Asks: 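Sending over a structure as structure tokens; questions will come in a sec.
Numbering starts at 1 and runs along the sequence shown. Given the structure is predicted, the values throughout are model-derived calculations rather than measurements.
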Amino acid sequence: MSQNVTALNRAGRLTAPQLRLLHRSVNPERIGEDDKGFSHMEAWDIKRHLIRVFGFGGYDTENRELALVREIEIPAGNKSRWTVVYRAQVRLIVKDTAGREIGHWDGEAIGDAQNQPTIGDAHDLALKSAASQALKRAATNLGDQFGLSLYNKGSRDAVVGYSAAHPPKDWEKKTEDTAQAA
């Protein structure tokens, strides 16, 4: 009977393999550096890792706000160049293996596109940049695998070593399920 109670109490929670992945330090090869020397992770890599941890269809994103902040036309002879700035708020919704929401987190960001040849290119790039940055910020709430440690002066070392909600006895048994998730 205690196994059934335990199973019921775990409904909607993260699985042991998910917890093992989430408690690991981020692979340094997933971290890049921008032109200002700041550490960052690419949006495609965050999405790849969301799929690895939560599965295909195991998360959703919702654009809560996409707002034009500024549009600047820069005359350049008989053509113009464009600089555009957007503000985005994106909600990341994580689901359990049965498709039920475990939790959601919002991220906010500004994205710009400078000196673009067409107004369409400028809007497209700025909007995608803002939405991608906002998703990455929302994902940091899931810990080090999603760039949380980078907010600690660009550290690659895990800053979440323990979670009282998910004690190591629930997930630390080593299995092959984490070997492929570099």
Side-chain angles (χ1 to χ4, degrees), residues 18 21-22 24-96 99 101-160 180-182:
Q18 288 172 320
L21 286 172
L22 291 170
R24 293 166 65 183
S25 295
V26 65
N27 181 339
E29 293 179 14
R30 294 179 54 216
I31 300 169
E33 208 170 88
D34 67 14
D35 56 354
K36 297 176 186 169
F38 293 110
S39 297
H40 72 95
M41 298 174 77
E42 298 286 343
W44 69 265
D45 182 69
I46 296 296
K47 291 176 183 178
R48 172 181 69 156
H49 239 66
L50 285 166
I51 293 168
R52 282 182 171 172
V53 175
F54 301 106
F56 296 101
Y59 77 95
D60 287 318
T61 58
E62 177 184 317
N63 291 327
R64 309 223 357 119
E65 178 187 29
L66 292 171
L68 176 64
V69 174
R70 186 93 193 261
E71 177 185 276
I72 304 166
E73 183 177 5
I74 307 154
N78 62 350
K79 291 188 173 185
S80 293
R81 306 286 291 181
W82 297 89
T83 294
V84 173
V85 180
Y86 272 88
R87 178 181 63 242
Q89 181 183 47
V90 172
R91 175 165 286 172
L92 171 62
I93 304 158
V94 172
K95 300 181 276 185
D96 66 13
E101 181 178 328
I102 293 173
H104 63 265
W105 301 271
D106 292 341
E108 298 80 20
I110 297 287
D112 67 353
Q114 298 179 17
N115 202 27
Q116 296 297 305
T118 69
I119 191 169
D121 288 343
H123 279 271
D124 182 58
L125 183 58
L127 190 139
K128 288 190 286 191
S129 176
S132 292
Q133 294 297 328
L135 171 62
K136 292 186 330 182
R137 288 213 175 118
T140 62
N141 288 284
L142 296 168
D144 298 313
Q145 288 299 309
F146 297 95
L148 179 62
S149 66
L150 301 181
Y151 284 89
N152 184 23
K153 300 178 184 172
S155 175
R156 276 100 166 132
D157 297 329
V159 295
V160 179
Q180 298 297 319

Asks: Is there a donor-acceptor contact under 3.5 Å from the side chain of D96 to the main chain of G99?
Replies: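 A pair under 3.5 Å: yes.
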Asks: Side-chain contact, heavy-atom cut-off 4.5 Å: L92 with L142?
Replies: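 Yes, side chains in contact.
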Asks: Just do the side chain to side chain contact (heavy atoms under 4.5 Å, CB included) check on D144 and R24 with the steps written out, would you?
Replies: CA-CA 7 Å; D144 298 313; R24 293 166 65 183; over 6 Å; no
Asks: Under a 4.0 Å N-O cut-off, is there an ion pair linking K95 with D60?
Replies: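 Salt bridge flag = yes for D60 with K95.
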Asks: Heavy-atom distance under 4.5 Å between the side chains of R64 and D106, does that happen here?
Replies: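 With C-beta onward as the side chain, the pair touches.
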Asks: For a quick check under 3.5 Å, do Q116 and H123 share a side-chain donor-acceptor pair by atom type?
Replies: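 Side chains of Q116 and H123: no pair found under 3.5 Å.
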Asks: Any donor-acceptor pair under 3.5 Å linking the side chain of E29 with the backbone of N27?
Replies: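 A pair under 3.5 Å: no.
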Asks: Would you check, one step at a time, whether the test side chain to side chain contact (heavy atoms under 4.5 Å, CB included) holds for N152 with L150?
Replies: CA-CA 5 Å; N152 184 23; L150 301 181; over 6 Å; no
Asks: Are the side chain of Q145 and the backbone N or O of S25 linked by a donor-acceptor pair below 3.5 Å?
Replies: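 Yes, because the side chain of Q145 sits within donor-acceptor range (under 3.5 Å) of the backbone of S25.
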Asks: Hey, are the side chains of Y151 and T140 touching, using non-hydrogen atoms and a 4.5 Å cut-off?
Replies: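 In short, these two side chains touch, coming nearer than 4.5 Å.
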Asks: N63 and A131: which non-hydrogen atoms are nearest, and at how many Å?
Replies: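 It is OD1-CB, 4.5 Å.
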Asks: I would like to know whether R87 and E65 meet side chain to side chain contact (heavy atoms under 4.5 Å, CB included); could you show each step before the answer?
Replies: CA-CA 7 Å; R87 178 181 63 242; E65 178 187 29; 2.8 Å; yes
Asks: Between R91 and W105 (side chain of the first, backbone of the second, donor and acceptor by atom type, cut-off under 3.5 Å), is there such a pair?
Replies: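 Flag not set: sc R91 to bb W105 has no pair under 3.5 Å.
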Asks: Would you say K47 and L135 make side-chain contact, with heavy atoms under 4.5 Å?
Replies: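 Side chain of K47 against side chain of L135, heavy atoms only: contact under 4.5 Å found.
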Asks: Output, in order, the C-alpha distance, side-chain angles, deciding distance and verdict of side chain to side chain contact (heavy atoms under 4.5 Å, CB included) for L68 and V84.
Replies: CA-CA 8 Å; L68 176 64; V84 173; 3.6 Å; yes
Asks: Only one of V53, I102, L50 forms a side chain to side chain contact (heavy atoms under 4.5 Å, CB included) with Y59, so which one is it?
Replies: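 When side chain to side chain contact (heavy atoms under 4.5 Å, CB included) is applied between Y59 and each of V53, I102, L50, only L50 qualifies.
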Asks: Taking the side chain as every heavy atom from C-beta outward, state whether R30 and H49 have any pair of such atoms under 4.5 Å apart.
Replies: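 Yes, close enough: below the 4.5 Å cut-off.
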Asks: Measuring only between side-chain heavy atoms, which start at C-beta, is L22 closer than 4.5 Å to F146?
Replies: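 Of all side-chain heavy-atom pairs linking F146 with L22, at least one is under 4.5 Å.
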Asks: Name the one of K153, R156, E33 that satisfies side-chain hydrogen bond (donor to acceptor under 3.5 Å, both in side chains) with S39?
Replies: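 Looking at K153, R156, E33, the match for S39 under the side-chain hydrogen bond (donor to acceptor under 3.5 Å, both in side chains) is R156.
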Asks: Main chain of K128, side chain of S132: is a donor-acceptor contact present, judged purely on distance under 3.5 Å?
Replies: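 At least one qualifying donor-acceptor pair exists.
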Asks: Quick check against the 3.5 Å criterion: does K136 have a side-chain atom that pairs as donor or acceptor with the backbone of M41?
Replies: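 Yes, because the side chain of K136 sits within donor-acceptor range (under 3.5 Å) of the backbone of M41.
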Asks: How far does CD1 of I93 sit from NE2 of H104, to the nearest 0.5 angstrom?
Replies: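 Going from the CD1 atom of I93 to the NE2 atom of H104 covers 7.5 Å.
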Asks: Does CZ in R70 sit with more than 12 non-hydrogen atoms of other residues, nucleotides or ligands closer than 6.0 Å?
Replies: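 Result for CZ/R70: open.
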Asks: Taking all non-hydrogen atoms of both residues, which atom of S155 and which atom of S149 are closest, and how far apart?
Replies: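 Closest heavy-atom pair between S155 and S149: O-OG, 2.8 Å.
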Asks: Are T118 and D121 close enough that a side-chain donor and a side-chain acceptor fall under 3.5 Å?
Replies: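 T118 vs D121: donor-acceptor pair found between side chains.
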Asks: Quick one: closest heavy-atom pair of T83 and Q114, and the distance?
Replies: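 Closest heavy-atom pair between T83 and Q114: OG1-CA, 3.5 Å.
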Asks: Does any part of the side chain of W82, heavy atoms only, come nearer than 4.5 Å to the side chain of E73, both counted from C-beta?
Replies: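 E73 vs W82: side chains touch.
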Asks: With respect to R48, which candidate in I46, I51, D45 satisfies the side chain to side chain contact (heavy atoms under 4.5 Å, CB included) definition?
Replies: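 Considering I46, I51, D45, a side chain to side chain contact (heavy atoms under 4.5 Å, CB included) with R48 is found only for D45.
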Asks: Looking at S129 and G111, what are the two nearest heavy atoms and their distance?
Replies: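 Nearest pair, atom of S129 first, then G111: OG-CA, 3.7 Å.
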Asks: Heavy atoms only: give me the nearest P75-S80 pair and the separation to one decimal.
Replies: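 Smallest heavy-atom distance, with atoms named: CA-OG, 4.1 Å.
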Asks: What heavy-atom pair brings G107 and A138 nearest, and what distance separates the two atoms?
Replies: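 Nearest pair, atom of G107 first, then A138: N-CB, 3.6 Å.
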Asks: Rounded to the nearest 0.5 Å, what separation is found between the CG atom of L127 and the CG atom of L66?
Replies: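 These two atoms lie 5.0 Å from each other.
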Asks: Between Q18 and L21, is any pair of side-chain heavy atoms under 4.5 Å apart?
Replies: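 Result no, sub-4.5 Å side-chain heavy-atom pair not found.
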